[in-house]
Amino acid sequence: MSYSMGKNVYIAESAVIAEDTKIGNNVQIGENVIIKSGVVIRDNVIIGEECVIAENVYIDLGVIIRDNVTIGKNTFIGARCIIGEYLVEFIQERDKQKHKTVIGENSLLRSETIIYGENNFGHDLQTGHRVTIRENSRIGHNVRIGTLSDIQGNCDIGNYVNMHSNVHIGQKSVVKDYVWIFPYVVLTNDPNPPSEELLGVTVEEYAVIATGTVVLPGQVIKSDALVGAGAIVNKNVEEETVVVGNPIRKIGDVKNIKNKVTGEAVYPWRYHFDRGMPWKEVGIEQWESENKVQD
Amino acid sequence: MSYSMGKNVYIAESAVIAEDTKIGNNVQIGENVIIKSGVVIRDNVIIGEECVIAENVYIDLGVIIRDNVTIGKNTFIGARCIIGEYLVEFIQERDKQKHKTVIGENSLLRSETIIYGENNFGHDLQTGHRVTIRENSRIGHNVRIGTLSDIQGNCDIGNYVNMHSNVHIGQKSVVKDYVWIFPYVVLTNDPNPPSEELLGVTVEEYAVIATGTVVLPGQVIKSDALVGAGAIVNKNVEEETVVVGNPIRKIGDVKNIKNKVTGEAVYPWRYHFDRGMPWKEVGIEQWESENKVQD
Amino acid sequence: MSYSMGKNVYIAESAVIAEDTKIGNNVQIGENVIIKSGVVIRDNVIIGEECVIAENVYIDLGVIIRDNVTIGKNTFIGARCIIGEYLVEFIQERDKQKHKTVIGENSLLRSETIIYGENNFGHDLQTGHRVTIRENSRIGHNVRIGTLSDIQGNCDIGNYVNMHSNVHIGQKSVVKDYVWIFPYVVLTNDPNPPSEELLGVTVEEYAVIATGTVVLPGQVIKSDALVGAGAIVNKNVEEETVVVGNPIRKIGDVKNIKNKVTGEAVYPWRYHFDRGMPWKEVGIEQWESENKVQD
């Protein structure tokens, strides 16, 4: 073995490790793991069985990767993340984690993120610290999920979705592309709590939900809508409308909101903001004309 | 010693370990620890002094168990939990953790739960990830506490209480049996913040508090009441009443709420829901007739 | 080397370690680290390069200290804290953490606190569990930050500020001395979300913000004001006024609030409360006369 290796490293014989891998102290690598070129694995990392770590992945101190996890190339996994976390069935079986977990390439998982097994995420995912993502969360590409956010699983999140810190996405939520969700927003799902009937929230493309809003079960926030901070959303919100309050009331059309300093219109936001968005290079008009059917 | 043991394991001579225990790598076990039959201790676990680990407990990767901790049989302790966490006095003394911590049998603590010393919990406790439970929290049996919830200590929580994600239970709160508390609910306690006078909230049997509600100090939510999402509870809530708003106003009787699809009544919820409840086998009517004085 | 040392300890030759240091098992200490007299370093701790650990610091199990970190004397660092966490540039460079991090003396960081590099904090800082403090957070002395709070960086926090659990301080916030912020309060900053224009909140001396309040971008809460629980602060709050509601309305003067039991006035709170405050010894009147210009 020609790769660089620390002390007290235990590698299963069936593991296949590229020559230029750097492995720290106290690392454990399980059966049938494949580690590709340029990977850095720092101290105290534990990698289970049947995992694939693609090129140039960086695995920081104390990360736990359970069984059946694939990490896409160039991804950075911050200290003490747990990837492929056990589903509840493991508690009974106490055997292996059988569900697959796939993290797309170019992702950045900040320290202490927990991602369950039975998940398959697109490329360019970013998480803040201590994010929890339960099983069966369908998440697209270029999604950002802020510190302490809690994705409860069985939900469907599109591409280029931005969730800020401490967002709670209940099961059966549907969040479409280019949605912004700000801190302490909760998407609920139980119309008659407690009940067995879960009715998810739907948030359509380009909608914005400001800080501290609670969306009640089954409500639909339509495209380009703006929900003001602290709203209790107890009915559907129509396209391009602004709602506020507990319970919500409509206060206008998003097109009438002006920047208080410049006096310019600010919504729909895609005509005024492009950081991290796919139209950054070409401009929104050209991008829209090229993408009649959005990705 | 006939038990299976990994590398770099340090076990105090006074520890007593059953023959069929499985111990991983880099494990440390302190003075006078007793480990019973069928226990699994995975890599990087640290167990302090004077602990008892009962039959068939599973201790996942990197768990820290401080001193004077007893874990009931069949309990599962997820990765990196800290059980018996130091009280503030330790900061000065920097010696041992002297307070006892008892986790009941058949419990499931999900990864990164922190439970302080000076706690004694009933059986069948379930925690989500990154739950924090401070000292002197009296918690009954069959209690579920969701991800990121923060139980501040000096509170009194009954049996079959369900707390969802990110619930904050202030000191001196009293939560009776069969209560449901949904995400981002806060039970406060300081009537004139900041002050030295703490006045806890009381939530009576079968009450339901929906997402994002703040209950002000000293308020009582009476049995079978329903508090709507985002409410600011600034006065007592009477039995079987529905309140909503900031501040709350009464909008009706729980018995008048119908399921929007089926048209059937849904409250009091115990007549319509039994998952995880003690009346699941016999039905609520028979169970009530057998349990005039509830457990 | 005469200090006490566990097994599997790796210390760089250039490190300078005082004779009475106690070092546990599986500890790693990097290049040019200086460890002073009376320090305790427990098992599984990793200390990077160029760090200084002053007298009598206690570093609990599994702490990660990155590069260029200075810890002031008598400070206690709870289990699994990460101090000097990587800024986002590290993700590209994957080299060393170059930004300095200074933790003042007599601080108490509870377990799993994450503090970024590029921070310089005053003495007597206290954090709860799982606090996250991003880079460029200017924090004074005698500050308390509760469990799960999230300080987003580029903010300015004074002395003797008390933040309870689960507080979110957005970038560009200014929080002056002696402010109290209760659980689930969010200070926001984006007037037209999403935008590139950040407009921080200002909270002036002695102001109190009760549980679950959201303060909208750019608003100023003036000195001695009291914001009631669950408020949505959409305009400035004047000195010594009480506001509540969504959106806020003024309901009176803080001087008219009486303790419901004793009938005594309770605000401005500094005349009625002194725990942890600098006027505790001499009384508020003498302290004020001696401190015309507050520290």
Side-chain angles (χ1 to χ4, degrees), chain A residues 6-8 24-26 40 42-44 56 58 60-62 74 76 78-80 108 110-112 126 128-130 146-148 162 164-166 180 182-184 208-213 226 228-232 244-246 257-262 266-267 269-270 272-277, chain C residues 7-8 10 25-26 28 44 46 48 62 64 66 80 82 85-86 88 90-92 94 112 114 116 130-134 148-152 166-170 184-197 199 212-218 230-234 245-248:
Chain A
K7 295 174 187 170
N8 295 314
N25 298 318
N26 302 315
V40 177
R42 294 191 58 191
D43 307 316
N44 301 333
N56 298 312
Y58 187 103
D60 198 1
L61 300 168
N74 302 320
F76 182 95
R80 297 203 183 107
L108 192 182
R110 286 190 177 77
S111 49
E112 303 193 1
Q126 276 204 31
H129 303 281
R130 308 188 233 265
T147 291
L148 291 169
N162 277 268
H164 209 288
S165 295
N166 217 320
W180 289 81
F182 285 86
Y184 291 71
V208 176
I209 308 178
T211 299
T213 287
L226 173 62
I232 304 298
V244 300
N246 174 2
I257 298 179
K258 310 293 185 197
N259 180 307
K260 283 184 183 165
V261 177
T262 65
V266 285
Y267 296 99
W269 62 266
R270 63 186 177 278
H272 308 278
F273 181 91
D274 62 11
R275 179 162 47 85
M277 293 293 151
Chain C
K7 295 173 187 172
N8 294 315
Y10 312 122
N25 298 318
N26 301 316
Q28 302 186 44
N44 300 333
I46 296 180
I64 296 173
R66 307 284 196 183
R80 297 205 183 105
I82 302 178
E85 178 60 311
Y86 298 139
V88 73
F90 181 89
I91 314 309
Q92 276 78 47
R94 299 184 175 190
E112 303 194 1
I114 297 177
Y116 269 64
R130 307 188 234 265
V131 165
T132 308
I133 307 178
R134 296 291 300 258
L148 290 170
S149 290
D150 178 5
I151 314 293
Q152 291 266 301
N166 216 320
V167 161
H168 179 97
I169 306 294
Y184 291 70
V185 167
V186 183
L187 306 188
T188 69
N189 57 21
D190 187 344
N192 301 297
S195 80
E196 297 290 6
E197 180 189 4
L199 208 56
T213 287
V214 177
V215 185
L216 297 188
I232 303 298
V233 180
N234 63 328
N246 173 6
I248 53 166

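Just so it is clear: chains get the letters A, B, ... in the order the sequence lines come, proteins before strands, and each one is counted from 1.
Two residues are said to be in side-chain contact when any heavy atoms from C-beta on lie closer than 4.5 Å; E112(C) and R80(A) fail this criterion.
With a 4.5 angstrom heavy-atom cutoff, T132(C) touches chain A via backbone and side-chain atoms both. Both the backbone and the side chain of L148(C) come within contact range of chain A, with heavy atoms under 4.5 Å apart. For chain A, the nearby parts of I91(C) are the backbone and the side chain; heavy atoms of each come within less than 4.5 Å. Of the atoms belonging to I232(C), it is side-chain heavy atoms, and not backbone ones, that fall under 4.5 Å from chain A. Interface remark: V40(A) contributes no atoms to any contact with chain C (heavy atom separation under 4.5 Å).
For H129(A) and Y116(C), the ring centers are positioned less than 6.0 Å apart. A distance of 6.0 Å or more separates the ring centres of Y86(C) and Y58(A).
Ranked by heavy-atom pairs under 4.5 Å with chain C, the list G128(A), A210(A), G228(A), S111(A) is led by S111(A). Per-residue counts of heavy-atom pairs under 4.5 Å with chain C were compared for G62(A), G212(A), G245(A), S165(A); the largest is that of S165(A). Taking E197(C), R130(C), Q152(C) one by one and counting their heavy-atom pairs under 4.5 Å with chain A, the maximum is reached by R130(C). Contact count against chain A (heavy-atom pairs under 4.5 Å) is highest for D150(C) among D150(C), N44(C), N26(C).
T213(A) and G230(A) make their closest contact through OG1-N, 3.6 Å (heavy atoms, listed as atom of the first residue, atom of the second, distance). Contact between P193(C) and F182(A) at its shortest, heavy atoms only, is CB-CZ, 3.3 Å.
A side-chain donor-acceptor contact under 3.5 Å links N166(C) and Y184(A).
N25(C) places a side-chain N or O within 3.5 Å of a backbone atom of K7(C) that can act as its donor or acceptor partner.
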